[in-house]
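First listed ligand is number 1; within each ligand, the first listed atom is number 1.
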Amino acid sequence: MWILVLIIIVLAGALSAFILFFSIPPKTENPQRAVISVVKLPDPDLNGNMSVEQAIQNRRSVREYSNKSLSLKDISQLMWSAQGITDKQNNFRAAPSSGRTYPLELYLVVGKAGVEGVEEGIYRYNNTNHELEKLLSGDKRAELSKSANGQAAVASAPVDIVITGSYQRTMAKYGNNNLSIRFVHLEAGHAGENIYLEATARSLVTVSIGSFNENTVKTLLNLPADENTIYIFPVGFSKPE
Ligand SMILES: Cc1cc2nc3c(=O)[nH]c(=O)nc-3n(C[C@H](O)[C@H](O)[C@H](O)COP(=O)(O)O)c2cc1C
């Protein structure tokens with residue numbers, strides 16, 4: 001009798017181990033996600049020259065840009081405004097997040113001479129260290145524009161900021177449902193408006209681009225499986241009239 005019980009326990013254990021092993025997909029490493037180099041960003045400046053009211057009043061979507069490069073300071077301010085850590089002790093960010101699930105990631109597509117002293121390529125914003133991680137080399141703006149129905153603003157701006165979101169991170173707290181998806185999109189809106197206002201305060205201009213093929217952008221940026229493209233913001237200086 002006891003031997004029968006023992007056999008059943010061993011078989012049940014083996015079956016559970018089998019199910020567990022085959023139900024968890026093996027973690028796939030993505031070799032191209034390796035960080036090529038790191039660009040340290042200057043500390044964000046908390047005393048700008050424009051009031052928040054003036055920035056709201058002056059904000060406008062602009063789709064044509066001059067050739068002037070952005071400075072590393074400009075990039076620092078833009079990244080910080082969208083997803084910077086504003087409270088290191090509690091890890092709070094510049095934009096609100098549903099249940100602090102923090103599903104958003106920022107990528108910077110840098111064109112040739114787009115940013116002073118920074119090579120063209122695709123960078124991920126590491127907000128913990130306030131730095132850019134170079135993930136891919138080369139000027140990818142034309143390809144990004146192609147993914148956005150050929151919108152010229154994307155190809156001609158010195159840089160494009162791409163906001164991605166991981167629905168899974170928010171779903172881990174709120175469930176696999178439309179509410180979680182809505183939360184992620186709402187958060188991208190918060191981050192996006194911060195980009196608009198910070199750009200305006202620094203005499204830069206931008207436009208929110210929501211019309212693009214999210215899968216081709218995902219492939220171009222070589223995003224992890226759980227990240228989806230939500231928003232694109234070309235940023236530059238206004239073209240003189
Ligand atoms: C969700 C969303 C998606 C948008 N997508 C695009 C876009 O793909 N291309 C574009 O040129 N403008 C896009 N815009 C910008 C709007 O055209 C712009 O906000 C509108 O013309 C009002 O102008 P304003 O932003 O200067 O007030 C988008 C705006 C929002 C809110």
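A salt bridge does not link K218 to E227: none of the charged nitrogens lies less than 4.0 Å from a carboxylate oxygen. The pair D74-R202 meets the salt-bridge criterion, with a side-chain N (NZ, NE, NH1 or NH2) lying under 4.0 Å from an Asp/Glu carboxylate O.
For atom 19 (O) of ligand 1, the closest non-hydrogen atom of the protein is S61 OG, 3.5 Å. Counting only heavy atoms of the protein, atom 5 (N) of ligand 1 lies nearest to G210 N, 3.0 Å. Closest to atom 27 (O) of ligand 1, if we only count protein heavy atoms, is R60 NH2, 2.7 Å. For atom 21 (O) of ligand 1, the nearest non-hydrogen atom of the protein is R63 NH2, 3.9 Å.
When all heavy atoms are compared, the tightest approach of R141 to G111 is NE-CA, 3.2 Å.
Heavy-atom proximity to R59, at under 4.0 Å, picks out these atoms of ligand 1: 24 (P), 25 (O), 27 (O). Near S211, meaning under 4.0 Å from any of its heavy atoms, are these atoms of ligand 1: 8 (O). Applying the 4.0 Å criterion to heavy atoms of Q151 picks out, from ligand 1, the atoms 7 (C), 8 (O), 9 (N), 10 (C), 11 (O).
Heavy atoms of Y231 approach ligand 1 to within less than 4.0 angstrom.
L197 CG to I56 CD1: the interatomic distance, rounded to the nearest 0.5 Å, is 5.5 Å.
Of the possible donor and acceptor atoms, one in the side chain of S156 sits under 3.5 Å from a partner among the backbone N and O of A152. Side chain of N177 to main chain of L179: a donor-acceptor pair is present (N/O by atom type, distance under 3.5 Å, no hydrogens or angles).
Below 3.5 Å of separation, one finds no N or O of I209 facing any N or O of ligand 1.
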List, one per line, each side-chain donor-acceptor pair under 3.5 Å for residues 98-105, sequence neighbours excluded.
residue	atom	partner	partner atom	Å
S98	OG	E187	OE2	2.9
R100	NH2	N90	O	2.3
T101	OG1	S98	O	2.8
T101	OG1	T170	OG1	3.2
E105	OE1	R124	NE	3.2
E105	OE1	R124	NH2	3.2
E105	OE2	R169	NH1	3.1
E105	OE2	R169	NH2	3.0

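Here atom 6 (C) of ligand 1 lies nearest to S208 when heavy atoms of G189, S208, A152, G192 are compared.
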